[in-house]
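Sequence lines set the chain letters: A, B, ... in the order given, protein chains first and strands last, and positions in each chain run from 1. Source: prediction; values computed, not measured.
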2 protein chains.
Amino acid sequence: MIYLEKQDWDMVLLDLMLPGMNGEEILSKIAEQSNTPVLIISAKLEQQAKIDALRSGADDYITKPFDIDEVSARIDSHLRRYRRLQELPMKKELRYKNIVIDTEAKKVVVEGKSLAFTAREYNILVLLMSSPNKIFTKENLFENVWNEPFYGDDNTINVHMSNLRSKLSKASPGVEYIETIWGMGYRLKS
Amino acid sequence: MIYLEKQDWDMVLLDLMLPGMNGEEILSKIAEQSNTPVLIISAKLEQQAKIDALRSGADDYITKPFDIDEVSARIDSHLRRYRRLQELPMKKELRYKNIVIDTEAKKVVVEGKSLAFTAREYNILVLLMSSPNKIFTKENLFENVWNEPFYGDDNTINVHMSNLRSKLSKASPGVEYIETIWGMGYRLKS
DNA sequence: CACTTTTTTCAACGATCCTACATAATAATT
DNA sequence: AATTATTATGTAGGATCGTTGAAAAAAGTG
């Protein structure tokens, strides 16, 4: 345990049959205190030992006698998984013309300028930009943005579209973003 | 593959011996295109098949006949690892404006002064500071801090936000830390 | 069990946003 | 050109959401 605490390890290979130590205790300490993946190597063949170890924090359990290539492949597999998740806390970004939306930050930038939209407006814009070629009917829009069934037309959507256009064209005059397809719906102008 | 692409799965259990499909191809497609953990279940006992699968993206390889408890424990182990890494790719020290959090000691220092927060307040603050640009919806907050599903709004979160702000501004008057994004959520003020 | 601390609930108020309505504009139809 | 159908826009309640203080409930402590 002294060694384990001294630095951050990428992975721990733990032999449960080490003399003079309780492997199970070590395992649960590591599992509690760190994120380090732990692979157990053990001569214990009993299923229950395996299951207990996996349940108390082990990432894998390999029984002796083991195939060195398999162990190596398993180590690499865990490292791969570990690194991949560490590194990619994805950012999703939508782009269309000079509009950029960072969907994590829910931030809309038009021509370099950050624009403020209401929640409804924002959701409509995201929906349109998620399928730039699709024509969204009012029903589509309503059911996606409002999450409610659509009972025919009031002109709520029209108003939101109007406001969206107005804000967008204030930020970037002369550019048309949203196209009206008469009798059908709306889509981004291509 | 049709089913796989339709939504984000927490995990895929893949039987390599499915009739009419090439399991190896499916595996590498998943591995390339997503972060989903893949556990292989297979009747192939040859070491080389195991090693190949692990090397081409599988997270585990379980051979038939298998012990259902072991499989279950392995599934949980991988899910645990996956979730844990998803949630805390955390630095030991979080900084934002004049706030410094030592996440090991769970100590918050604002403008040199050590501040006392309750557990809830602390967790909320850490979450916000872990992604300073992200807007956290109430659902986000609830599911991360409470670890419970979110059934619509009571105003518990509002109250905690209010208390957080109040404590912070007592320690450092005039600075605004937490921004309300109307109809969307909260985030740190940039 | 009594006491403290923390969390949640409640209520009142203010800020912001949504949508119904009226009216205008535009496109399709005759 | 006139008529009808559809969409656009300005405006004003009313609805929703957020804030805050206080009180109730729950959790933690000795």
Does Lys138(B) place a side-chain N or O at less than 4.0 Å from the phosphate oxygens OP1/OP2 of dG18(D)?
yes
Quick one: Tyr122(A) OH to dC17(D) P, roughly how many Å, whole number?
18 Å
Side-chain donor-acceptor pair under 3.5 Å between Tyr61(B) and Ser77(A), yes or no?
no
What nucleotide among dA8(D), dT9(D), dG18(D) has an atom nearest to a side-chain atom of Asn158(B)?
dG18(D)
Separation of dT8(C) atom P from Phe150(B) atom CZ, nearest Å, is 13 Å
Just the rounded figure in Å: distance from C1' of dA5(D) to CE of Met184(A).
15 Å
Between dT26(C) (P) and Trp182(A) (CH2): distance, integer Å:
12 Å
Is there a side-chain polar atom (N or O) of Ser166(A) under 4.0 Å from OP1 or OP2 of dT9(D)?
no
NZ of Lys170(A) versus P of dT9(D): gap in Å, rounded?
12 Å
Please confirm whether any donor atom in the side chain of Asn155(A) sits under 3.5 Å from an acceptor in the base of dT9(D), or the reverse.
yes
What are the two closest heavy atoms between Ile181(A) and Tyr186(A), and how far apart are they?
CD1-C, 4.3 Å
Whole-Å gap separating P (dA25(C)) and CZ (Arg165(A)):
16 Å
Between P on dG21(D) and CG on Asn163(B), what's the gap in Å once rounded to a whole number?
9 Å
Here the distance between atom C1' of dA8(D) and atom CG of Leu164(A), to the nearest Å, is 14 Å
Taking only N and O in the side chain of Ser162(B), is any of them less than 4.0 Å away from OP1 or OP2 of dT19(D)?
no
Would you check if the distance from the ring center of Phe150(B) to the ring center of Phe142(B) is below 6.0 Å?
yes
Tell me whether the OP1 or OP2 atom of dT16(C) has a side-chain N or O from Thr118(A) closer than 4.0 Å.
no
Would you please test Asp60(B) and Arg74(A) for salt bridge (Lys or Arg N to Asp or Glu O under 4.0 Å) and show each step?
CA-CA 8 Å; Asp60(B) 207 339; Arg74(A) 283 187 180 273; 2.6 Å; yes
Looking for any heavy atom pair under 4.0 Å, which part of the strands does Tyr186(A) touch: base, sugar-phosphate only, or nothing?
sugar-phosphate
Phosphate contact (dT7(C) OP1 or OP2) by Trp146(B) side-chain N/O below 4.0 Å
no
Given 3.5 Å as the limit, does a donor-acceptor pair link the side chain of Thr103(A) with the main chain of Glu93(A), or not?
no
Considering only side-chain heavy atoms of Val159(A), which listed nucleotide, dA27(C), dT19(C), dA15(C), is closest?
dT19(C)
